[in-house]
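First the structure, in the form of structure tokens, and then the observations on it.
Reminder, nothing fancy here: chain letters follow the sequence lines and each chain counts from 1. Quantities reported herein were computed from a predicted structural model and do not represent experimental measurements.
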Amino acid sequence: MAECGASGSGSSGDSLDKSITLPPDEIFRNLENAKRFAIDIGGSLTKLAYYSTVQHKVAKVRSFDHSDKDTEQDHEPPYEISVQEEVTARLHFVKFENTYIEACLDFIKDHLVNTETKVIQATGGGAYKFKDLIEEKLQLKVDKEDVMTCLIKGCNFVLKNIPQEAFVYQKGSNPEFRFQTHQPSVFPYLLVSVGSGVSIVKVETEDRFEWIGGSSIGGGTFWGLGALLTKTKSFDELLHLASRGQHANVDMLVQDIYGGAHQTLGLSGNLIASSFGKSATADTEFSKEDMAKSLLHMISNDIGQLACLYAKLHCLDRVYFGGFFIRGHPVTMRTITYSINFFSKGEVQALFLRHEGYLGAIGAFLKGAEQDNPNQYSWEENYAGSSGLMSSSPELCPTQRARSGTFDLLEMDRLERPLVNLPLLLDPSSYVPDTVDLTDDALARKYWLTCFEEALDGVVKRAVASQPGSVDAAERAEKFRQKYWDKLQTLRYQPFAYGTLTVRSLLDTREHCLNEFNFPDPYSKVKQKDNGVALKCFQRVIHSLDALGWEERQLALVKGLLAGNVFDWGAKAVSDVLESDPQFGFEEAKRKLQERPWLVDSYSNWLQRLKGPPHKCALIFADNSGVDVILGVFPFVRELLSRGTEVILACNSGPALNDVTYSESLIVAERIAAMDPVVRSALREERLLLTRTGSSSPCLDLRTWSGPCEGGHIWALGPLASQSVPELILQC
Amino acid sequence: MLKLGGGGGGGGQDWACSVAGTGLGGEEAAFEVARLGDPGKAGCRGPGWGCAGIPNSAPGVGMLQAGAGGPERGGQGVEEVGAPAGGGEERPARHPPAPALRLLNRKPQGGSGEIKTPENDLQRGRLSRAPRAAPTAPGMGDHGGQPERSAPHAPGTPAGAGAAVVNGLLHNGFHPPPIQPPRLCSRSLPGGGDAAPPRLPLQPELQPQPPPPQHDSPAKKCRLRRRMDSGRKNRPPFPWFGMDIGGTLVKLVYFEPKDITAEEEQEEVENLKSIRKYLTSNTAYGKTGIRDVHLELKNLTMCGRKGNLHFIRFPSCAMHRFIQMGSEKNFSSLHTSLCATGGGAFKFEEDFRTIADLQLHKLDELDCLIQGLLYVDSIGFNGKPECYYFENPTNPELCQKRPYCLDNPYPMLLVNMGSGVSILAVYSKDNYKRVTGTSLGGGTFLGLCCLLTGCETFEEALEMAAKGDSTNVDKLVKDIYGGDYERFGLQGSAVASSFGNMMSKEKRDSISKEDLARATLVTITNNIGSIARMCALNENIDRVVFVGNFLRINMVSMKLLAYAMDFWSKGQLKALFLEHEGYFGAVGALLELFKMTDDQ
């Protein structure tokens, strides 16, 4: 492993530039504000962790001072936008080969500004070996942390914060990676860490875990014994050999002992009766490939068997595998999975972790940051700054391979507030927020990736346009283009890089990339303009609605809700319309609506329901801006309010596409209240509440809710009149 | 159970004899039990006749004799050989054998099956018996009957005291309670001296048969008559062999009759004599065949004949030469039955038939293993105990081999270490299940040693291992943590990574073959120990019996296993070993020969 880098083959890598494929400042980012350091030095890889703050631009909206109503002209925007600097916390994790450790420490030393840092938390076997080097280079005191404690802390952290962290691996099935849905509780579980040896740990709570066993036959055995048998030096090379070998040439199989009779006896002749059994009796030469394969099977089977025995003894069915033997290698994940299925007869699932390599570093970092208690926050994987799961499988994209051999990054952003499952979610563990799994559906994946590629020009243009005063906007936009383009290419080859690939994750990734290059809200101007135009039409729309009979009005209101969503977001069609005809109006959109019955049409039921008593409370998720929210959602909200229903209108916390943000929704509501007495009194009496979703994603994910909730089931919406649980939830 | 072995032994024996010898169906068995009139005894006999009912569900198969029954039971071989997994291709996990085969499988399948208890056998026996008022099929449990059956034919001890041996043999699994005099002593007591007269051996040919049950079938009556007519009819013709054809080694046991009368000697055909002389006057055969003289069981009575039991082994790759020899010596003219177990019994069956004109009687290898083990333990090792353990296993200076009394062996975890490893939980002589297995066994040790050191034989590999130091090869806890890993209570001297030091090229270049051999031995042994220990915990069994040829001349592994069991269980588990470590399957096969002849 240490020797598998693109060019670093065993030398101590005195020049960083020649061996690192990315400029170092794109690897050790935000060092100037870095404060807590932690390092995990394994047998071949070093993982560095640090906490830093990121200053980035955010778009803020602010109402104009309306004291002088006369100045309000038709062409004037409804509110002003300003770009401000904001500081957010970010965790950085960098993984590189031990070969580069000295060069990396030098780089860090040179760029480290913060002088408060005095200590570096260190873990991993190499922490002892490199202690002096670290202390000398960084002038930081090395504080050694227990390996296993760090590993478990890290594991708990990723399982809690990253929704699609754990996956099962089935070679050859589609998709090969099947990510687990977020579990409400991650405990208890068994962690099998396959490093040089194997440690088996039972984790019961955040702080309670127990080493219940281990085995000396692990990755070190594969590597050491494999190197002796095949004269192959590196771990990766051995794996590669193994992937091409035929173990049956070396192993004694059941059919070798039973002959052809195994079939009539119902035996599976391919079972291994004795690993390396043939080399004990036959006097032939064995190929390196075959021996490597036999060794891989022997070790994987043994680990799987022991893991099953321990799982059985402790009644656990969730078993996570980690350690360098596993680390994203399809070959070992496959054999371990096979072994676990075999020995547990399907009762135990072998689970792998996307960020398995970082667990120790994350844990060491958390140990050092205990006074800040990072565990009280929610953290989110930043797709722009993270490499994603890199398969070291050689058949995959060669550029990825080169990078995985050198540097790998993980960045996590601290969220404003802890995220929880929406308390109304019936069964959070089975909830899947996405309709299409693009890891699963290759055709759909191709289609959407192409869509996003084709839409990229437009996004870049819009990003530049959103910051007319900025001198470097064009340059940054180009960087954005490059970054997002790279991500899309990565996802073509490794759709599982960030968990299950969905349209939502593609959009989120784009938002992260835009933010990365300080385009916090490329649509801010568009939204401002759309909102302005729509606000002007509001009263006219309300008048015409009020002129309709009750039944007619209900249909018109529902059509209004649909009108803004005629086209799905992100789709090429909507991009075209957004680009070419920003003026496209409400009535026009309504006209484009199909005649009933719609594809999913429950309007009749809805109408029936409306004839009954009013709903107590409605929770409405709004997206888009302008016509959709102002002429579609608000008239509908108004109607509900008139019926005596309380309404909670939830908008995104941060910008995403042209979706109305929470702060924009406040202004919009305020402007509508000025025109409409129903909305005005509802706001005043707090029968209409505006709230944040906690998301900055164009798609709804009810697992990450930051809105009010208490006790997990009772809503305490501040001053909401009756504190009632919403009876009606709408996504608009 | 214990009671039977003690006071009621005679009755039980009697019963067993009649069941076994005459092929009673369930009905008769029930009758016999009723006669015993002891529910406790009945319960403990359960497995025997409980099973008898089972073949009724498949009458056709039930008619088969023991030997022929072999193949079907061999279906279990799936589980048995089924050493771990491996084959990395997308194969589904093993399926249990087809239901038809399972009918004959008295053992639960491969670890996941129910644990057989006398109770549920009893239950099953009753249930299956009920509708079958007068079964004609001699669908007897060959498990149930077998040991009892062989009893009457082996009334001798080394000291020539028939009865006691019968006791030992008969009551495997029904050993007398501890109040009894020391085992060896009690075994060598002459029959008449035994406290309980009913325990007298019942040799059909010497003693009156028990009165036939009133409602015997005509067939049975006929058979009984025949047996009374000739004491020799139910004794198989010489030579007596039991064979276990494993993946690496063929184990052969040969009974050499020492009580041959002059008349017999005259009658003895030439090639039979030459076989006897060849086998007994040599200790090595060809280039690779070896007789383990030190294991020879002397002055033994088997099937009514006195003689010596010889233990011979040769590599499985020499099997074809062996068959060829059988053909050249015209072995088939002796009309003997060749009982064989192990996978090779299946693999070479065709060759035996076509080349040597010999019909193999294929036997289930785990059945043979257990019956052979119980038998050899019961007769002892020429007056010495067969079973032993290591005292003070964690203290190298005080660690010593000590005899162990396996009179009451259940439950035991039986770890059979051949080329691969099978682990069985044994609850009574015929109630056991295969818990698991591992492909890291003796074959792995030798295979890796051959590749790593260029050695060619097990002896060579062990000799090198004896001189080596595995800590140069393995990465120890202290190599990683600088000392003990206190957080988890791991000693610095514990192996953290087998072959872990070999990740470094410099260390690879300077390592000795002896060190490599030692590390291979330690790695394989510790791994087996670790799996066995986990199985013992999961099965809640505290006695772990290690057998198999991996332990041959392998004191290093035995002491390691003894250490590992004791240390990691904090003294809860005991590792036991047996002198005839690798030969039990072959002995079990020989025992089947006697039983099979009875059935005929």
Side-chain angles (χ1 to χ4, degrees), chain A residues 43 125 128 146 148-149 171-172 196-197 211 215-218 220-221 223-225 227-229 233 247 251-252 254 256-259 261 265-268 270-281 286 291 297-298 301-302 305-306 309-310 312-313 334-335 338-339 341-343 345-346, chain B residues 74-75 77-78 81-91 93-94 97-98 101 112 247-248 315 317 343-344 346-347 419-420 436 438-441 443-444 446-448 450-452 474-475 480 482 487-488 495-503 505 508 523 526-527 530-531 534-535 537-538:
Chain A
Y128 298 87
D146 173 68
M148 211 42 77
T149 311
K171 172 82 179 167
S196 313
W211 187 87
S215 165
S216 66
I217 300 185
T221 315
W223 193 345
L225 196 47
L228 286 167
L229 292 171
K233 289 192 203 104
H247 73 97
D251 290 340
M252 186 184 286
V254 166
D256 295 321
I257 298 178
Y258 273 79
L265 295 173
L267 288 164
S268 172
N270 289 325
L271 293 177
I272 304 173
S274 175
S275 293
F276 285 90
K278 278 189 186 143
S279 58
T281 52
F286 296 96
M291 288 189 290
H297 279 315
M298 176 182 110
N301 284 336
D302 194 53
Q305 179 172 27
L306 278 168
L309 285 168
Y310 279 102
K312 186 181 172 196
L313 189 64
R334 177 186 178 184
T335 52
Y338 178 84
S339 171
N341 285 340
F342 178 85
F343 283 107
K345 300 184 172 66
Chain B
V78 184
V81 180
E89 312 319 311
E90 280 68 29
R91 269 175 282 103
R94 292 177 301 174
L101 294 178
S112 67
T248 314
C317 54
F346 298 86
K347 184 178 178 181
S419 309
T436 189
T438 166
S439 70
L440 284 84
T444 315
L446 184 53
L448 282 175
C450 291
L451 292 171
L452 293 171
D474 296 339
K475 196 169 265 215
I480 299 177
R487 178 69 179 75
F488 288 152
V495 182
S497 173
S498 296
F499 286 84
N501 279 341
M502 297 297 96
M503 288 188 277
K505 181 156 186 350
R508 278 203 298 277
T523 301
N526 277 337
N527 189 61
S530 174
I531 292 172
M534 288 308 295
C535 291
L537 283 174
N538 272 327

Specify the closest pair of heavy atoms between [X] and [Y], including all atoms of both residues, with the distance to one decimal.
{"X": "B:Ser530", "Y": "A:Leu306", "answer": "OG-CD2, 3.6 Å"}
{"X": "B:Thr248", "Y": "A:Met252", "answer": "OG1-CE, 4.0 Å"}
{"X": "B:Lys347", "Y": "A:Ile257", "answer": "CB-O, 3.3 Å"}
{"X": "B:Gly443", "Y": "A:Ala280", "answer": "O-CB, 3.8 Å"}

Would you mind reporting whether [Y] and [X] have side-chain heavy atoms less than 4.5 Å apart?
{"X": "B:Thr444", "Y": "A:Asp251", "result": "no"}
{"X": "B:Leu440", "Y": "A:Asn301", "result": "no"}
{"X": "A:Lys233", "Y": "B:Arg508", "result": "yes"}
{"X": "A:Leu225", "Y": "B:Leu452", "result": "yes"}

Working for side-chain hydrogen bond (donor to acceptor under 3.5 Å, both in side chains), residues B:Ser419 and A:Ser274
CA-CA 5 Å; B:Ser419 309; A:Ser274 175; 5.1 Å; no

How long is the gap from [atom1] on [X] to [atom2] on [Y], to the nearest 0.5 Å?
{"X": "B:Asn526", "Y": "A:Ile217", "atom1": "CG", "atom2": "CD1", "result": "8.5 Å"}
{"X": "A:Thr221", "Y": "B:Met503", "atom1": "OG1", "atom2": "CE", "result": "8.0 Å"}
{"X": "A:Gln305", "Y": "B:Thr438", "atom1": "CD", "atom2": "OG1", "result": "5.0 Å"}

Pair B:Ser439, A:Ser275: side-chain N/O donor-acceptor within cut-off below 3.5 Å
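B:Ser439 vs A:Ser275: donor-acceptor pair found between side chains.
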
Assess, by modelled atom type and distance only, whether the side chains of B:Ser497 and A:Ser196 contain a donor and an acceptor separated by less than 3.5 Å.
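The answer is no; no qualifying pair exists.
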
Less than 4.5 Å to any heavy atom of chain B: does that hold for the side chain of A:Tyr310, its backbone, both, or neither?
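When you check distances to chain B, atoms from both the backbone and side chain of A:Tyr310 fall under 4.5 Å.
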
Between B:Pro315, B:Gly441, B:Gly447, B:Cys535, the one whose heavy-atom pairs under 4.5 Å with chain A are most numerous:
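It is B:Gly447.
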
Taking every non-hydrogen pair under 4.5 Å, which of B:Cys450, B:Gly247, B:Gly500 racks up the most with chain A?
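Looking at each option in turn, the highest pair count goes to B:Gly247.
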
Using a cut-off of under 4.5 Å on heavy-atom pairs, state which of A:Gly277, A:Ser215, A:Ala227 scores highest against chain B.
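Looking at each option in turn, the highest pair count goes to A:Ala227.
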
Of the listed residues (A:Ser279, A:Gly259, A:Gly197), which shares the most heavy-atom pairs with chain B below a 4.5 Å separation?
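Among the listed options, the one with the most contacts to chain B is A:Ser279.
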
Residues that B:Leu537 engages under side chain to side chain contact (heavy atoms under 4.5 Å, CB included), provided they are two or more places apart:
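Here the qualifying residues are A:Leu313, B:Arg533, B:Met534.
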
